[in-house]
Structure formats: structure tokens, C-alpha cells
Amino acid sequence: MARATTQQPAEHADPPEAAGEQAASTRGQLPPHYDFSALDPELYESWEKAGVFAASTSQSARTGGARAPFVVLMPPPNVTAVLHMGHGLNNTVPDVVVRWRRMAGDEALWLPGTDHAGIATQNVLERQLASEGLTRFDIGRDAFVARTRAFVEETGGTILQQLRTIGASADWTRTAYTLSPELSRAVREAFVRLHERGLIYRGHRVIHWCTRCLTALSDEEAEHAEHDGRLYHIRYPLTEPAGGLEAITVATTRPETMLGDVAVAVHPDDPRYAAIVGRTVTLPIAGITIPVIADPAVEQEFGTGAVKITPAHDPNDFELGLRHELPMPIVISPEGEMGEITDSAGRVPESLRGLDRFEARDRIVAELKAAGLLEKVEPHRHSVRHCYRCDTVVEPRLSDQWFVRMKPLAEPALAAVTRGTIRILPERWEAVYVNWMENIRDWNISRQLWWGHRIPVWYCDDCDPPQNVIVSREDVSECPHCGGTVRQDEDVLDTWFSSWLWPLSTLGWPEEDSDDLRAFYPTDVMISAPEILFFWIARMVMAGYEFRGEAPFHTIYLHGTVRDTQHRKMSKSLGNGIDPLDVVRLYGADALRWTMISGLGMGADVMLDPNDLERSFAPGRNFVTKLWNIGRYLLANVGTGSVEPLAAVEDSRLQSADHWILARLDAAIAACNEALGPARPPGWDRSASGTTWPPAEQAAGMRLNEYAESARAFVWNEMADWYLESVKHRLATGDADAAVVRAVLVHVFDAALRLLHPIVPFITETLWRQLPAREVAGTFLAQSSWPQPTARGSAGEFERIREAVTALRQIRADYNIPPGQMIKARIASGNPEAFRSGLPIVERLARTEMTLGSADGEAAAAHAVLTDGSEVVVPLAGLVDLDRECTRLRSELSELERHLLSLEQRLANERFTSKAPASVVEAERQKQQEWSARRKLLARKVEELCAG
RNA sequence: GGGCGAAUAGCUCAGUUGGUUAGAGCGCCUGCCUUACACGCAGGAAGUCGGGGGUUCGAGUCCCUCUUCGCCCACCA
């Protein structure tokens, strides 16, 4: 039998025993599974070689071309990064969107690149040095930077190579790097311009300091984490008792900072302390005298209502210190050790100097206790800031840093979102963005690191302020005022100071006339994780307005996080990660992409099971295999010979199944388009100025999971399960009708591959290139067109066939009628030819015979009522016992009656009929009629069968 | 401390402005190697939509409240 050929395992694709069979020669060419590991890399290479991903400025409508530009910027991964699942998600999403737009006729640009990642990369190199027993100070700045640069050149960009394996269709010809000469130029330009506008200034204040990285951090880089600490109540004895008090008790979570105390503050209205304001206390351990002052910032209710003031080691105390013109001694070193660092002589006893701040804490507490000055210690849960790179507890520390004045920058960036030029999806993040912008604080941009953009500021030691500070676009070798020697600022800029220019700098800015800038700025969609909304995305918006006067993009799409089954974020340190390259190896890139996209509700996290890859990735692989097998069937049965274009097939030649699948295709295309949504707000492809999202589109689109599901359901549940199965016999005849099927099938499959290509590019491209329908030999699906509806289908007739067939299958299953057993079905009404012709292959295998006629007079029969009220009857003579059928019918009837009753009650309710929309009422009436008819038929059946 | 979100089948999640008998994938049960596909086909079981209250002709959907979980922000030491 023919079956024998299909049973052959893949390795024996050309079995000798099948040689005599005609079908075997074609069918044998393709194995039953798609060999992604062999085909995908080759395919990617040919895409890249053919320039499929490269965008051209001359095509952009903004620079004289005919296509709307569509631009997505890759959030640049750290240059030292290796691909993890987060990258997988973060890059699959834009790839799907970009591939969609590329097919939809846009000039699509996905611009890739890497970030030099100052602090992160420096940490990597410092760890390397540490393993050799060295620190960066041992080898010096120049050697360290050189070594880092060499390391980056050698190993950097690995991740960009890895992104190719998951199919990322980025324009690699434009690959950018935040520390490249071009981007460095943009960084300097931005710094100097902001400085000229008075938006960059040198500030002396308390900042977040990482004692391990030895650098200042921005507010965003100092992350809050809840921590179970203690609140220490410490008695500071009054120099002279007053107001009945011997001492004043302060509460603190960081006793070690008391050595830097310069005052004790109380609320001016606090009656408890009114008498001692203006007096002095003796600071224990240090043994110095400090004043008691009054300030309204003190909360009377918290702790004891008295607070110790350490201006150099607490931002609040610093502000208060400024108001009261207090001294600001620094008692903790950059490394986090106690010492008399600045203006603190006589404050730190010899025994504490050089001690780590946390050891010092314990020591000080012990000493206080011994001296009877520790009143009590309470458990106190509070949040402590940590370095976002090394998790070290951040030490607030007085220092000189460069700051960006953010308020003026935030104004247009805030307005862009509130007025709707930029939308944020999911919408709930909009409030978060707005809140941050409204409460924006100045940005500390200087870092005491070696790896990064050196701050373009030079100092002349011979000139007086303000001439001694030179801010310059070009390197400065001598003082422009006195001609003397200058020295450059030792610090580098925050990594994010180069990242926030990404939309501008990667397109050629500050060259205002750059072709790329004119053709591709503003970009379109910014796709990223919510974690960097403030670090990066919000600042890009500010930079866009500040330096170019336009929003950098119109949509911010924040996807979820990849988590494990316990909802923990996947991370190397937790050891719960999944290596995307393992997944690619075992399941294929398409399967990985499928899992990412199909599981991605709007803003929802993607849950994966690191211990059960099968569970997470089998669905994608299975779908790919399904597609592959549809393709196999097509190639074997349609062949590669020429096929009539669908447009050449007159409607009269189409049968019910053909009409149906064409209608379903149109519905699928519409559903996919709806889910993907508008690509841009009106007018954006020309200019962004004044553009806003229409309210109706504000939250539309970017439902990638819905798009995936619509396409999948069409291909699998409609095209494969029904259409393919019901046209097999027609295709086999080889006559004129077979030509119709070939035309429809090829058209529909071609459209399906187009619909699916953005999600599963490898399998679809591979199949498409073998289809007889491809436009021109040598072209790629990746750059072909997005499918258009045919407007030629109608679903009605075949829907009835599907209903009838499903009814037959239920009857078969209910009565355990064996697969080989022929059943004779009678359809109460309809076109018997259409039924016969539309039967799927399984029913047609000498299993079902359909006739048309009244259902009357079948005594022992199973039956089903279709939605149009007609019946399908299968005589059961000798096949089953009637009691079962009776029971089944009765339960069906009672269920129907229950529903009908509630429906009728609803319709009888006058308030319903008067208040509900007419269309709803009409639909309910229709339903009532249908159900009544069905009830009648069912009741009669029950009477006939179950009477005896 | 402030703000936001989530809770729907055993698991992961859909469910768009309130309107048919609440869906999908995985898992589970039954039967099937049937002309591409057992990584498959056919059929099936399974949900008082977190608890309570309210608005409405009608609530998974809107309002209030409680519980649990998660996220963001935050200068009460």
C-alpha cells in the first residue's frame, strides 16, 4: 500500500521498495522534519549577503523615496554581553515588527549596536585583574584603558553574532558602538551644548557613592532594596543640663556616621526640646561639642523627634546643613573606611580609623553601650540603596560632580506623552513616566571610572575662575587665556550619557544634514524592557527634543520579563537561566521565536521552565513541523510546475471548500492586521512635528501574541485540518478541478507563509522559495509583500459541511463505531453534491456515505441537529444499544431547554427589550428561533426513540 | 510611606468599548499509523472567572471593600 512509503524514517527517504511508485520520487525528497540546524545558518547568510536587511536612505519618503521609513533601534547590549533569554525576547519582538513592516512596503531599518557599558565593562576587567592579583591602580589608567579596549575588540560584539542565529534582521552595515569616534563626537557635542545653555554644572553635594566601584552613581543607579535594619537610640549629653534634660536622644540607622555629626536638629514647635534649642551637646566618642538647632524638616513623630545631622553623609542633612551654614566634615573614605578625610580632624579616634564602615558601626555601638549612652535598639525595616552593578550598599557622600539640570529637558518630554505624540504601551506605564518626569531631579553624569567618555573639561591651574575651566569640543592642550598647561578632568561620563543620544548619534548627529538623520529620524517604535524606562528611554525623549526638536519615536513598547516557573527573573546568579543557543540547537530559532511571541501578552512576563525545555519550546517546534509537512504535501501533490494564478480562476469553478478557505484567509489577514495595528500615527512618515496619535489608535496594535494566534489558527485549524483534508481527492484526480485546487492551495499557502514569516522566518522562507508561486526566482519572502485579502470567499456552505462532519465524528465516538465501519448518513436538507465533495479524506475512506432526504421514519438512529435546524441522521441498526442514545438525547434536550428558558425570560423582560441595543435584541430573537426549532426536533426524536 | 498592576481550566495565559452556552496552548482521558505530519489525527473531561457587597434588563468585564501576589517610586533619620 501507499502507506508503506510514508512509514520510512527520514534516513531512508528513498526506499527501494517504493521506487516503483510514482509518488515516492517527489515525496521522498523531503524528510518529515525540518532540519533547522543545517538550513537556518545558510539561509541567514544568504539574506545578509543579498542585503535584505539593509535600508536605503534613497527609498525613504523623507528623502525623496517612495516608501515610508520604519525605524527601530536596538537597545544596545553591553559590549561584553553574551546572549541570554532576555536578549532573546528583547530582540525577537522588534524583529517581528520590523519584518512585518519590511513586507508591508516600508523602508525598514533595524539599527543594531553595542554599549561600551562603562561601569559594567570596567568591572569585568577589574575581575580579570583581580585574578592576577592586581588592581587597576597597579597598572595605571592608560594601561587599563588599553587593555579594556583590546578586550572589547577581541571579544566584543559576540552577542551581535549570536543575534544572527535567532534570525535578527538588523542592518549590520550600520552597526554602532557608543564609544566609537563618531558617537564620541556626538557625546562631546551634547555636553558642550548643554554646558553652553547652562544646563550642565559642577555641583558640590551629597551623591550616591559605591565604595566598591569607587564611583558616584546617579539616582537611578542606586537601587532601593528593603532591608531589616536597626534603629539605634543614642544619648547625646547636653553640655549643660537645661529644661530638665540631661541629654537628648537621637535615633539613627547608621551610628557610624555620628562621627560626622555637626548638630542635633529638632522641630521648632516641639515643646519637648524648646528649652534646649541653641544649647550644645557633647558628641560621644568624638568628644566634641555641637549645637542643638531647630528646623521644620524634622518630623516630631519619628523616633525621638531629634535627629543627628551629618551633612557630608546624608542628602537631607546636607540640605539642612546648607540652610544653617554648618560645617561638613567627611569621616568615611571613598573605600568605605572610617577616617579623618576632609574637615574632620579630631573627630575619628585612632582606634576606629581604617575600619570598614560596618565594622565601625558595631564597634561604635559597643562603645556607646559600654558608656551607657545606648538607650535602646529597635528592629527597623527600611529601604537601603545599593549599587545596580555590584549590589554594594551605597554610601551617601559629599563630593564634586557634574550634573545636568533636568527640569528644562523634562518639560517637552513630558508634554510629548501627555499630548499623545508619544504613546507608551502598555498604557499603565504612562503614569509612571509622567510621575518621574514631574519629579525629575538633576542627573549626576560624572563617574570616577576609567572606562568611558572622558569629560571634555580642562582646568588651568594658573588662571582664576571662571577662566580656569575650559569646556571644549576639541581636545585642549594649552590654556586659551594664559597659554599655560591644562589638565583634563579625570572623570568619565555616565554610560547613559552616550546611550541617551542613541537615536541621534547612530544616524549621524551632530551632522545635521546627515542622510541617515534626514531619512530615518524620528524613528518609530522603541521596544525595550521596563527596567530601563528612566535610565534610557525617558532620557532619549529628552535628548530628542533638546538636540533635534523632535520626539525620537512615537511608540514606546515595554515588554515583560523572562521568568522561571516560580516567577523569578532568569539570571545567571540564580542559575535558573536558559541558554537561547541551546534552544536554537535543540528546537530551532523559529521555535524559540514562536515561544517568545505567542506567550507575550501586552506587557506580560514570559514564563519558561529551565528544567523542562520541552514544555516551553515544543509547541513552536511542533508548529514548525506542521508547516513543514504542509509544505511537503504541497510539493508532492502540487509539484513545482506552473500553477494558475488565483485571479485567473473564475468564481464558477470554485467549490464550497475553496470559497470557504478564501473567506477564512481574508478573515485571518484582517485579524493579523488588527492585532499588529497601525504602524505609525498619521503623517509621521513625513514629519513628526505636531503629530499626535488619534485617540482611537492610542492603544491599538502591537498585540503580537494575538497576531501569532490568529495566523496559527488559520494555518493549522482551518487550512490544514479542513481545507487540505477536503481537497485531497480533488487534487488526486488531476483534472480541471484539480487545477482549481492547485491554484487555491498555492495561493492560500503562499499567503499563510507571508503572514507567518515575521514570527518564524526560517521555515517560511525555506518553504516559500520552493513554492511555484514565488514572484521572481532568487527573491526572498523576507522582502516580498504582506498578503492582501482576495475578497472572493464565502464561508456559508462549507460551514454546514463542517458541522455535519463534526456531528458524524461525534456520533462515531459516542457509539464507539470502529474507524473501518461504514456509516450511512442522511442529511435532511442541502446540496448532497456539495456535501459529498466537501467530505474530508478521513470520512471519505469508505467510511461515510451521505444521502439527502427527510429524516422521518428512522427508528433506531443517532442524530444531530445543525444550527440551521436541519438534521444529520445515522441509522444505528445493530451497532449500539438505544438506551445510551436516549440518555444522550435527553441530557442534550434538558440542557438546551435550560438555556432556552433563560433566553426567553430575557426576551420577556420589557426592560431588556427597551434598553438593550436593537441589534442585541434582534440577535437574541434569532437565537430563540433557532433554539426552539432544535428543541422541537430533539423532543420529537426523544419521543420516537425512547417511548418504548 | 505613595502609586500601579494582577488574581479566569491542573499549568501558562487570551477574553478589545458590559450582550450568544467564557476560549487557546500544554497537560489529562478515549480511539486511531488515515494519501504531509504520532513533533500527528479525531473525540472528550475539566472553570461557583480570588472572597464579599453594589450599579444594571444583563457583570469575567463597571464601582466599593477585603485577601494574596507582583512591579514602580520615595530624603521619616
Side-chain angles (χ1 to χ4, degrees), chain A residues 1-3 5-7 23 27 30 32-33 206 224 231 250-254 257 265 297-299 301-304 306-310 314-319 382-383 396 426 428-429 431-432 435-436 439 530 533-534 561 565 567 598-599 601 603-609 615-616 618-619 621-637 674 699-700 703 705-706 709 712-713 720-721 724-725 728-729 732 806 809-810 812-814 816 818-819 841-842 845 847 895-896 898-899 902-903 906 909-917 919-921 923-924 926-927 931:
Chain A
M1 303 302 282
R3 186 180 299 168
T5 62
T6 62
Q7 271 186 300
R27 192 159 49 231
L30 297 177
H33 299 289
V206 171
H224 286 278
L231 191 59
V250 299
T252 180
T253 53
R254 296 188 298 150
T257 63
V298 178
E299 290 277 340
E301 287 73 33
F302 187 86
T304 59
V307 55
K308 60 193 253 342
I309 301 300
T310 323
D314 183 285
N316 300 314
D317 293 2
F318 173 76
E319 293 298 325
H382 62 139
S383 102
R428 65 187 137 91
W429 285 102
V432 177
N435 182 267
W436 187 77
N439 299 295
L533 178 60
F534 305 136
T561 309
T565 47
H567 299 199
S598 64
D605 293 336
V606 174
M607 306 295 174
L608 301 175
D609 189 344
R615 186 178 162 202
S616 301
R621 177 203 56 196
N622 295 352
F623 181 48
V624 164
T625 303
K626 185 72 183 181
L627 273 174
W628 179 249
N629 277 295
I630 296 169
R632 271 207 322 152
Y633 174 81
L634 238 79
L635 290 176
N637 295 283
E674 172 75 18
R703 266 70 177 177
N705 58 329
E706 289 176 23
E709 174 53 22
R712 184 206 64 81
D721 288 351
L724 215 54
E725 294 300 327
K728 276 178 175 170
H729 69 286
T806 301
R809 288 172 176 171
Q810 274 168 5
R812 236 181 224 288
D814 284 349
N816 295 321
I841 189 74
V842 178
L845 294 172
R847 287 184 189 176
E895 198 182 345
L896 180 62
R898 223 177 53 235
H899 294 307
S902 87
L903 180 63
R906 199 177 319 155
N909 187 330
E910 200 185 318
R911 282 191 237 181
F912 170 71
T913 49
S914 63
K915 289 190 179 179
S919 59
V920 171
V921 178
E924 299 284 84
Q926 198 115 36
K927 199 166 61 188
W931 290 3

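Everything numeric here is computed off the predicted structure, so don't read it as measured data. A note on names: the letters A, B, ... follow the listed sequences, proteins ahead of strands, and every chain is numbered from 1.
Looking at RNA chain B, the stems built from 3 or more consecutive Watson-Crick or G-U wobble pairs, each pair with its key distances under 3.5 Å, are B:1-7 with B:67-73, B:10-13 with B:23-26, B:28-32 with B:40-44, B:50-54 with B:62-66.
As a whole-Å value, the separation of Asp814(A) CG from G43(B) P is 11 Å. Atom P of nucleotide A59(B) and atom NZ of Lys915(A) are separated by 14 Å, given to the nearest angstrom. Residue Asp609(A) contributes atom CG, which lies 11 Å from atom C1' of U12(B) at whole-angstrom precision. Look at CG on Asn439(A): it is 9 Å from C1' on C73(B), rounded to the nearest Å. Going from atom CZ of Arg615(A) over to atom C1' of C28(B) covers 13 Å, rounded to whole Å. With rounding to whole Å, Gln926(A) atom CD is found 19 Å from G19(B) atom P. Look at OH on Tyr633(A): it is 19 Å from P on G40(B), rounded to the nearest Å. Protein atom CG of Asn629(A) is 7 Å distant from nucleotide atom P of A38(B), rounded to whole Å.
Closest approach of Gly303(A) to Ala251(A), counting heavy atoms only: CA-CB, 4.2 Å. The heavy-atom pair separating Pro619(A) from Arg615(A) by the smallest distance is CD-O, 3.7 Å. Taking all atoms of both residues into account, the shortest heavy-atom contact from Lys308(A) to Asp317(A) is O-OD2, 3.3 Å. Closest of all the heavy-atom pairs between Asn435(A) and Asn439(A) is O-ND2, 2.8 Å. Residues Arg812(A) and Pro818(A) come closest through the heavy atom pair NH1-O, 2.8 Å. Of all the heavy atoms in Asn629(A) and Pro32(A), the pair that sits closest is ND2-O, 3.2 Å.
Between Pro530(A) and Gly303(A), it is Pro530(A) whose nearest contact on RNA chain B lies nearer the 5' terminus. Both Arg911(A) and Asn705(A) lie near RNA chain B, and the one whose nearest nucleotide falls closer to the 5' end is Asn705(A).
Within the nucleic acid shown, Glu674(A) has no heavy atom closer than 4.0 Å to any nucleic acid atom. If you check every strand for non-hydrogen atoms under 4.0 Å, Arg621(A) touches a base. No engagement by Ala618(A) is indicated, since no non-hydrogen atom pair under 4.0 Å with the nucleic acid exists. Residue contacts shown for Glu709(A) are limited to sugar-phosphate atoms, with no base heavy atom under 4.0 Å away. Counting non-hydrogen atoms under 4.0 angstrom, Ser383(A) reaches a base of the nucleic acid. Counting any heavy atom pair closer than 4.0 Å across all strands shown, Phe623(A) reaches no nucleic acid atom. Using a 4.0 Å heavy-atom distance criterion, His224(A) is classed as a base contact. Residue Ala916(A) is classed as a base contact, given a heavy-atom separation below 4.0 Å to a base. Here Pro917(A) lies in heavy-atom contact (under 4.0 Å) with a base. In this structure, Ala720(A) reaches the bases: a heavy-atom distance under 4.0 Å links it to at least one base atom across the strands shown. If you check every strand for non-hydrogen atoms under 4.0 Å, Asp721(A) touches sugar and phosphate atoms only. Residue-level contact check: Val432(A) touches the backbone only, with heavy atoms under 4.0 Å from sugar-phosphate atoms and none from bases. At a threshold of 4.0 angstrom between heavy atoms, the contacts of Val624(A) with the nucleic acid are absent. At a threshold of 4.0 angstrom between heavy atoms, the contacts of Leu724(A) include nucleobase atoms, whether or not backbone atoms are also involved.
To the nearest 0.5 Å, atom CG of residue Asn637(A) and atom CZ of residue Arg632(A) are 11.0 Å apart.
Checked against C37(B), C73(B), C57(B), the side chain of Lys626(A) finds its nearest nucleotide in C37(B). The listed nucleotides are G43(B), G19(B), C73(B); the one nearest the side chain of Asn435(A) is C73(B). In the set U35(B), C76(B), C57(B), U35(B) carries the atom at the smallest distance from any side-chain atom of Lys728(A). Here U35(B) is the nucleotide among G43(B), U35(B), A77(B) with the atom lying nearest to any side-chain atom of Leu845(A). Of the listed nucleotides (C39(B), C37(B), G19(B)), C37(B) has the atom at the smallest distance from the side chain of Arg632(A). Side-chain atoms of Arg712(A) lie closest to G25(B) of the nucleotides G25(B), C72(B), U35(B). Distances were taken from every side-chain heavy atom of His33(A) (C-beta onward) to each of C39(B), C11(B), C41(B); the shortest belongs to C39(B). Closest to the side chain of Pro32(A), out of C37(B), A24(B), A77(B), is C37(B). Nearest to the side chain of Met607(A), among C13(B), U35(B), U21(B), sits C13(B).
Close to G44(B), at under 4.0 Å from its OP1 or OP2, lies a side-chain N or O of Gln810(A). In this structure, Arg906(A) reaches the U21(B) phosphate: one of its side-chain N or O atoms is under 4.0 Å from OP1 or OP2.
For the P atom pair drawn from G53(B) and G44(B), the interatomic distance equals 36 Å after rounding to whole Å. Rounded to whole Å, the C1' atom of C39(B) lies 13 Å from the corresponding atom of C26(B). Look at the C1' atom in both C37(B) and A6(B): the space between them is 39 Å, to the nearest Å. Taking atom C1' on both A22(B) and A14(B), the two are 11 Å apart, rounded to the nearest angstrom. Atom P of C41(B) sits at a distance of 46 Å from the matching atom of C4(B), rounded to the whole Å. Comparing U8(B) with G3(B), their C1' atoms sit 26 Å apart, to the nearest whole Å. A distance of about 26 Å separates the P atoms of G47(B) and G54(B), rounded to the whole Å. G2(B) and G10(B) are spaced 38 Å apart, taking the C1' atom of each and rounding to whole Å.
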Run the side chain to side chain contact (heavy atoms under 4.5 Å, CB included) check on Val250(A) and Val307(A) step by step: do they pass?
CA-CA 5 Å; Val250(A) 299; Val307(A) 55; 6.0 Å; no

Intermediate values then yes/no, side chain to side chain contact (heavy atoms under 4.5 Å, CB included), Phe912(A) and Val920(A)
CA-CA 10 Å; Phe912(A) 170 71; Val920(A) 171; 4.2 Å; yes

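Counting distance only, with no hydrogens placed and no angle test, the side-chain atoms of Glu706(A) and the base atoms of A24(B) include no donor-acceptor pair under 3.5 Å.
Using a 3.5 Å distance cut-off with no hydrogens or angles, the side chains of Asn909(A) and Arg906(A) do not pair a donor with an acceptor.
Lys927(A) is linked by a side-chain hydrogen bond (donor to acceptor under 3.5 Å, both in side chains) to Glu924(A), counting only residues two or more places apart in sequence or in another chain.
A donor-acceptor pair under 3.5 Å is formed between the side chain of Ser616(A) and the backbone N or O of Asp609(A).
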